[in-house]
Each structure stands twice: as structure tokens, then as C-alpha cells.
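One structure is given below, encoded as C-alpha cells.
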Amino acid sequence: MSDKNVTENFITQIIDADLESGKHSQVMTRFPPEPNGFLHVGHVKSICLNFGLAEDYQGLCNLRFDDTNPAKESIEYAQAIQRDIEWLGFKWNDKVMYSSDYFDQLYAYAIELIEKGLAFIDEQSPEEIREMRGDFTHPGVNSPFRDRPIEESLDLFKRMKAGEFEDGQMVLRAKIDMQSGNLNMRDPIIYRIKRAHHIRTGDQWCIYPMYDFTHCISDALEGITHSNCTLEFADHKPLYDWVLDNITIDCHPHQIEFNRLNQTFTMMSKRKLNELVEQDVVDGWDDPRMPTVSGMRRRGYRPQSIRQYAKKSTVTRKPSMIPMSMLEDCVRQDLNASAPRIMGVLNPLKLVIENYPEGESEMITAHNHPMDESFGTRELPFGRELYIEADDYKEGANRKFFRFTEGREVRLRYAYYLTCQKAIKNEAGEVIELRCTYDPATKGGCSEDGRKVKGTIHWVSAEHADDVELRLYDRLYNVVSPKGMDDLNPDSLKVLENAKLEPGIVEKSEGVQYQLERTGYFFRDKTHEKDKPVFNRIVTLRDSWARQEQTEEQK
RNA sequence: UGGGACGUCGUCAAGCGGUAAGACACUAGAUUUUGAUUCUAGCAUUCGCAGGUUCGAUCCCUGCCGUCCCAGCCA
């Protein structure tokens with residue numbers, strides 16, 4: 001695997017060409033989030049692209065908060081975003097930047113446009129402006145204020161800044177072309193009056209610049225070489241260029257649009273994600289089912305795997321839909337190599353070894369990783385009474401089923417061969433206990449006679465196991481491209497309150513991803529329920545048996 | 001019906017005029033004290049369609065078809 005963050009793509013080709021032609025000698029990118037919500041997987045692609053490009057080309061990447069709409073933005077969001085980027089393992093250049101750092105310069109550039117006769121104050125109402133803008137089939141109509149004297153616009157703009165007018169009473173518009181087929185060029189608004197407390201400038205301003213005016217100038221002021229944004233901004237590029245071409249500035253970054261990351265069964269709308277939080281459909285922005293960076297972190301994904309995923313979701317200009325299985329594959333690959341193995345039982349079924357002496361117990365040696373000896377071994381208590389997985393017993397099972405059924409011999413991982421003698425049922429006919437016998441000559445899990453035992457199951461000592469709560473997550477939505485609440489998966493969370501974990505794990509589990517052998521990867525959650533520690537299932541193991549069973553059911 | 005973009009396997013995607021990489025998914029088999037991992041094999045005679053240029057086109061040209069984005073004083 002290459003040590004690059006970014007795989008070769010059309011943007012790296014542009015950069016290579018720019019470096020070779022001498023247009024640039026260093027790469028300067030930026031990641032420009034608006035602090036109005038949490039970062040999600042979609043943003044990760046942009047983060048990995050921009051910060052990754054900077055790393056790969058030994059350039060720099062700015063973190064710049066695009067904070068030009070005080071009505072929606074908060075310090076808390078800005079802090080969460082910084083934490084997420086750091087957790088992903090990226091470092092921004094110098095200090096954190098803010099578009100608001102440039103408010104004075106932006107204002108001066110607006111004045112320059114007015115003085116050049118390229119911007120004017122429009123006193124039409126929002127409704128009038130919308131109507132006059134026209135639509136896809138009809139060209140726009142010039143505002144009656146479009147040709148007002150420069151001095152008048154200048155005066156009004158200064159008074160706008162001074163707070164002499166009401167919100168919405170007037171706006172500053174660039175004078176471009178009301179006939180343009182590109183709506184963005186039909187005299188776009190570049191400044192509006194908005195009295196709202198700004199996260200950095202407080203109440204210093206009552207006018208705020210719009211995105212199209214702010215973004216290009218901020219990029220230029222920072223000396224950005226390649227301004228990468230998502231496809232939907234392609235229509236804004238002519239405006240990006242127009243602004244920089246018409247003001248006095250010596251830098252003109254290259255805006256390049258790439259495809260955003262869409263993922264199956266995943267909601268990427270910040271607004272709709274926020275609804276889930278607001279309506280308590282999920283347990284906050286960091287609910288382990290959320291596609292947010294904080295959600296994935298809480299669930300137990302490691303940054304390496306998320307980065308790997310971003311790298312695989314290639315940068316092109318074609319709108320794409322990445323299957324969630326791609327993400328899961330990255331997570332499994334990472335965890336398979338890095339997670340110590342332990343044993344835990346999701347749905348405990350009691351098992352009694354009839355020929356094992358009562359009141360006695362012994363220690364069993366288990367490997368912490370099957371492929372990596374550096375993980376070492378551990379000692380596990382074993383005794384007469386154990387818990388095994390309820391699914392590991394099946395009444396009247398055929399030979400394809402490798403686990404317990406009456407009369408069948410099965411290996412308990414690292415321990416002994418056990419033969420199931422009898423299943424005890426309650427009045428409802430449910431199996432509540434297995435009575436087994438063990439072969440003392442098979443300690444460690446092998447026999448000298450070379451007897452074949454196909455199945456190996458996990459277990460915990462009933463006396464020593466820890467009680468834990470396990471939370472099993474499934475996709476949050478049932479639909480490939482979810483649109484709203486109707487598409488939610490009612491079974492996205494399954495809580496197992498009576499799970500058992502081998503002893504010695506709970507105390508040292510914080511921040512460690514474990515594999516519960518045969519069932520999946522788990523990670524300690526920040527919450528505690530009824531004195532029981534909680535673990536989140538990060539992802540299941542591949543289960544070809546479950547798949548086989550399923551296809552046979554379908555037959 | 002205006003403007004912008006995009007169409008290569010189920011999903012991503014390489015390919016840049018010389019005869020279709022790779023990944024995920026899927027299927028079959030081998031190994032296995034996790035039905036995990038690993039391994040092996042299979043998986044587009046064809047690149048939206050139709051013409052044209054060329055000895056030769058997924059790559060160039062023309063036309064058509066299809067999909068996506070844009071009508072916030074949001075970003």
C-alpha cells in the first residue's frame with residue numbers, strides 16, 4: 001500500500017502539471033467547514049483530500065471556518081470540528097483561520113466594486129428580487145436601482161454598515177448579467193444586513209458578506225493554490241472567478257470541483273441529521289449509528305480505517321454511491337490486525353459439565369491474537385458451569401451444523417472437547433440448560449487420537465464472567481438513499497442486557513477495540529447502565545454460515 | 001424549453017489511439033482450535049446508443065439518448 005494519503009486522481013494530475021509548469025512551487029489547500037453542525041463521513045472525504053494533498057506534496061492546508069452566517073453558527077460546533085479533524089490525524093497550518101478574520105478586507109473590496117460601478121445597493125424586497133431574477137426559462141430583469149449613481153450606492157453601503165437600516169431593507173449586489181443562463185451571475189447578492197451575534201466578532205457587524213463573495217477572496221488572501229470543493233459548486237465558479245478578476249488582488253486560486261461521498265443507507269444532510277438529534281431519535285450527534293465522525297469514534301472505528309475508506313472512495317467528477325460494505329471492509333481489515341481477541345457471550349445458555357468435579361476450577365491459556373504472537377497470551381478460568389452462546393445449540397441439527405446438538409462433540413476454544421448429553425427445557429419448551437461431559441485428555445482443545453472435531457465455540461466461566469450490556473447496531477436507515485424519518489430502520493439498535501464477558505477485560509477496556517471471537521468487534525461505550533459497563537458492537541465478523549443458512553431458508 | 005456536469009461489471013474505478021487494471025460485493029473450492037483470517041479460481045469479446053475519421057477507437061469527431069446539479073438576503 002502506498003504511503004500517500006490520496007490516490008492519483010484528476011486533481012493530482014492538475015497539481016503535477018502546475019508544479020511542472022512552474023505555476024506553483026508549493027501546494028496550499030484549505031478545508032472550509034461552516035461551524036453549523038458536526039462533521040460526517042462525507043466531510044471526511046474532503047478533509048482527507050485537502051489535508052492529504054498538503055501532506056503528499058509537502059504543502060500546507062488551512063482549516064478555515066466559513067463563518068459568514070451568524071444565525072446558524074456556534075462555538076461548540078467549531079470546537080467539535082477541530083476535535084474531529086485532530087482525531088482523524090490531520091494538522092492544519094499555523095492557527096485556525098476564520099472568514100470573519102477578513103471582514104474588514106472584504107468590506108474594502110466591496111467598496112472597490114461599488115467604486116468601479118460593478119456593485120450597487122438594491123432596495124427591492126426579497127420577494128421582488130426573487131421575481132426579477134427570473135428562472136431557468138426566463139431571463140432576469142434589471143433592478144430599478146441597478147443604475148443608481150455610484151456615490152449613492154457608496155453612501156448607502158456605508159450607512160448599511162453603520163446600522164442605519166433594518167434587516168432585509170437593502171442588499172449589495174454585484175452588477176453582472178441578468179440575462180445569464182447561470183442564475184448565480186444574475187446580479188448576485190454579496191452583502192446583506194443581518195443583526196445576529198457572531199461567534200467571533202460579536203455585535204461589531206450588522207452586515208455580512210455572502211459565501212460567493214467571501215470564499216474566493218478568503219482563498220486568495222491565504223494564497224490557496226487549489227480550492228477543492230464539491231460538484232454542486234461548479235455553477236458558482238464563474239462568480240468565483242468574476243470577483244477575483246474585478247478586484248485588486250494578486251492571487252487567483254483554481255477552484256476544482258470533485259464528487260462528494262454518498263454512501264448507501266446513509267443520511268448526509270446536516271439538517272436532517274440535526275433533526276434526529278433534536279427529536280431524540282438517536283443519542284446525540286455521537287450516537288454510534290450516526291455517520292458523524294464523533295459517532296464513528298464512539299462506535300469504535302479507528303481513524304486509520306476511516307482514512308483508508310476515504311482514500312478508496314476515489315476523487316472524480318462523477319456522482320457516486322459507495323456501498324457501506326466498503327466502509328465495513330476497511331474497518332474489518334484494520335481491526336483484524338489490531339484488535340486483541342477475547343471471549344464473550346451475547347445470549348448466555350448455561351452449560352453444566354456433569355463429569356467435572358464440583359467446586360473445582362482451573363486456568364486455561366488463550367492466545368490474544370491468532371496471527372500475531374506479540375499480543376501474548378492470557379489465562380482464563382474454566383469450571384463445571386459455563387455459559388455458551390444460545391445459538392450454539394440446535395435441536396435435531398444436521399451434519400452441516402458444527403455446533404452442539406444432542407450427542408455431538410464440540411471443542412470449547414482453548415479448553416476441552418465436550419459432548420452434549422442432554423438439553424433441559426423449561427415448561428415453555430425452551431432450552432435453558434445443556435448437560436455435557438468433557439474429555440479430560442483434550443485439554444487445550446486437541447486430542448492425541450487425532451479425532452476430528454469440526455466445531456469450535458466460545459464460552460465463559462459462569463462463576464467468573466462479568467455482566468455487561470452489549471449494543472448491537474444495524475444500519476440507521478432501511479433505504480439505500482434515505483430521504484427522511486420514514487426510512488429509518490426500526491431495528492437499528494438491539495440491546496443485550498444479559499451478556500457475559502470473560503473476566504479481566506472490563507477494567508482495562510477503555511479505548512481498546514476487542515474482537516469477541518466468532519461474533520464481532522466491540523468497543524467500550526462512555527455510558528453505564530445499571531452498574532453494567534456498556535460495549536458497542538463496531539462491526540460483525542463476516543459470517544458465511546449465517547449467509548448459507550439464509551440462502552437455504554430462501555430455497 | 002436556460003445554464004453546468006457526467007455516462008467503462010451489481011457498486012466504485014483505471015484507462016489519455018494499439019486491442020478492458022484494481023477494489024467492494026457475489027459464486028465455487030482449499031486451509032483453519034474464530035463457519036473469522038488466509039489462499040485459489042470464477043465474475044464486462046466489451047466501454048449509454050448510432051454514425052464518422054483511422055490499418056486500428058473505451059479513448060478523436062458528429063448526432064442522439066440517459067442521469068445529476070442550479071431559481072436562499074444558506075454554505
Side-chain angles (χ1 to χ4, degrees), chain A residues 7-9 13 32-34 36 66-69 71-73 99 122 124-126 129-131 133-140 167-173 179-186 188-194 207-208 210-212 214-215 229-238 257 259 261 264 270-271 312-314 316-330 332-333 336-337 341 343 366-367 370-371 400-403 411-415 417 442 444-446 453-458 515-520 540-549:
Chain A
T7 46
E8 218 171 88
N9 59 57
Q13 286 180 0
E34 183 186 14
N36 69 342
D66 223 332
D67 55 348
T68 57
N69 185 1
K72 292 186 177 177
E73 297 150 5
S99 295
D122 195 345
Q124 294 183 105
S125 68
I129 289 180
R130 195 189 322 122
E131 274 171 38
R133 184 156 37 221
D135 56 31
F136 298 151
T137 46
H138 305 286
D167 287 17
Q169 199 177 329
M170 57 186 69
V171 291
L172 180 67
R173 290 232 251 171
Q179 326 292 326
S180 174
N182 182 345
L183 287 315
N184 295 117
M185 299 299 269
R186 317 243 262 228
I189 293 167
I190 56 178
Y191 261 93
R192 78 284 212 186
I193 305 172
K194 183 172 281 206
I207 59 170
Y208 291 94
M210 299 287 287
Y211 166 83
D212 286 304
T214 310
H215 204 86
C229 61
T230 46
L231 251 20
E232 67 269 26
F233 288 98
D235 286 342
H236 295 248
K237 193 181 181 200
E257 310 89 24
N259 59 347
L261 188 160
T264 57
K270 260 197 237 177
R271 207 191 89 240
K312 282 186 169 186
S313 63
T314 352
T316 69
R317 290 185 62 87
K318 176 187 160 191
S320 62
M321 180 67 81
I322 311 288
M324 196 129 77
S325 62
M326 187 88 86
L327 209 209
E328 289 175 344
D329 181 64
C330 293
R332 288 194 185 105
Q333 265 185 43
N336 180 46
R341 314 284 122 128
M343 289 197 281
H367 292 276
M371 291 96 78
K400 278 184 173 174
F401 186 78
F402 303 156
R403 291 109 89 160
R411 169 168 39 239
L412 262 61
R413 175 136 246 224
Y414 299 124
Y417 288 180
T442 57
C446 52
V453 173
K454 187 78 175 161
T456 301
I457 66 171
H458 58 276
Q515 184 197 99
L516 263 61
E517 294 210 36
R518 301 211 305 139
T519 85
T540 61
L541 254 34
R542 271 204 192 76
D543 191 349
S544 58
W545 167 246
R547 196 183 300 146
Q548 190 180 321
E549 264 188 326

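Within every chain, numbering begins at 1; the chains are lettered A, B, ... in the order of the sequence lines, protein sequences first and strands thereafter.
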Open item on the list: Could you work out, with side-chain contact (heavy atoms from CB on, under 4.5 Å) as the rule, every residue matching Leu541(A), not counting sequence neighbours?
Closed with: Gln515(A), Tyr521(A)

- [ ] Using a cut-off of 6.0 Å, state whether more than 12 heavy atoms not belonging to Glu8(A) lie near its atom CD.
- [x] no

Task: Partner residues of Lys194(A) under the side-chain hydrogen bond (donor to acceptor under 3.5 Å, both in side chains) criterion, sequence neighbours left out - done: Asn69(A)

Open item on the list: Applying salt bridge (charged side-chain N to carboxylate O under 4.0 Å, His left out), can you list everything that pairs with Arg542(A), at least two apart in sequence or on another chain?
Closed with: Asp329(A)

TODO: Identify which nucleotide among C24(B), U27(B), G35(B) has an atom closest to any side-chain atom of Gln333(A), counting heavy atoms from C-beta outward.
DONE: C24(B)

Task: Integer-rounded Å distance: A36(B) P and Met343(A) CE - done: 18 Å

Open item on the list: Looking at every heavy atom in both Arg173(A) and Arg186(A), which two are closest together, and how far apart are they?
Closed with: NH1-O, 3.4 Å

- [ ] Report the residues that fulfil side-chain hydrogen bond (donor to acceptor under 3.5 Å, both in side chains) with Arg130(A), sequence neighbours left out, ordered by chain and then residue number.
- [x] none

Open item on the list: Between G7(B) and C59(B), how far apart are the two P atoms, rounded to whole Å?
Closed with: 12 Å

Task: Residues forming a salt bridge (charged side-chain N to carboxylate O under 4.0 Å, His left out) with Glu131(A), sequence neighbours excluded - done: none

Task: Between U31(B) and U11(B) - C1' atom distance, rounded Å - done: 30 Å

Task: Gap in Å between the two C1' atoms, one belonging to G42(B) and one to U1(B), rounded - done: 49 Å

Task: 5'-to-3' dot-bracket of RNA chain B (Watson-Crick, G-U; under 3.5 angstrom; crossing pairs as [ ]; | other strand) - done: .(((((((.[[[..)..(...]]].(((((.......))))).....[[[[[..)....]]]]])))))).....

TODO: Could you pull out all residues at least two apart from Thr456(A) that satisfy side-chain contact (heavy atoms from CB on, under 4.5 Å)?
DONE: Arg411(A), Arg413(A)

Task: Protein-nucleotide distance (Arg186(A), atom CZ; G2(B), atom P), rounded to Å - done: 12 Å

Task: Separation of C26(B) C1' from Gln548(A) CD (nearest whole Å) - done: 15 Å

Task: Short side-chain N/O contact from Arg518(A) to OP1 or OP2 of G35(B), under 4.0 Å - done: yes

- [ ] With P as the reference atom in both, quote the distance from A28(B) to U37(B) in angstrom, rounded to an integer.
- [x] 15 Å

Task: side-chain contact (heavy atoms from CB on, under 4.5 Å) partners for Tyr211(A), two or more places apart - done: Asp66(A), His215(A), Phe233(A)

Task: Partners meeting side-chain contact (heavy atoms from CB on, under 4.5 Å) with Met326(A) (sequence neighbours left out) - done: Tyr309(A), Lys312(A), Ile322(A), Pro323(A)

TODO: Could you tell me which residues satisfy salt bridge (charged side-chain N to carboxylate O under 4.0 Å, His left out) with Glu328(A), sequence neighbours excluded, listed by chain and number?
DONE: none

Open item on the list: I need a per-nucleotide contact map over nucleotides 69-75 of chain B, read 5' to 3'. Cutoff is protein heavy atoms under 4.0 Å; write B for the base, S for backbone only, - otherwise.
Closed with: BBBSBBB

Open item on the list: At under 4.0 Å between heavy atoms, how does the protein contact nucleotides 9-17 of chain B? Give one character per nucleotide, 5' to 3', with B, S or -.
Closed with: --SSSS-B-

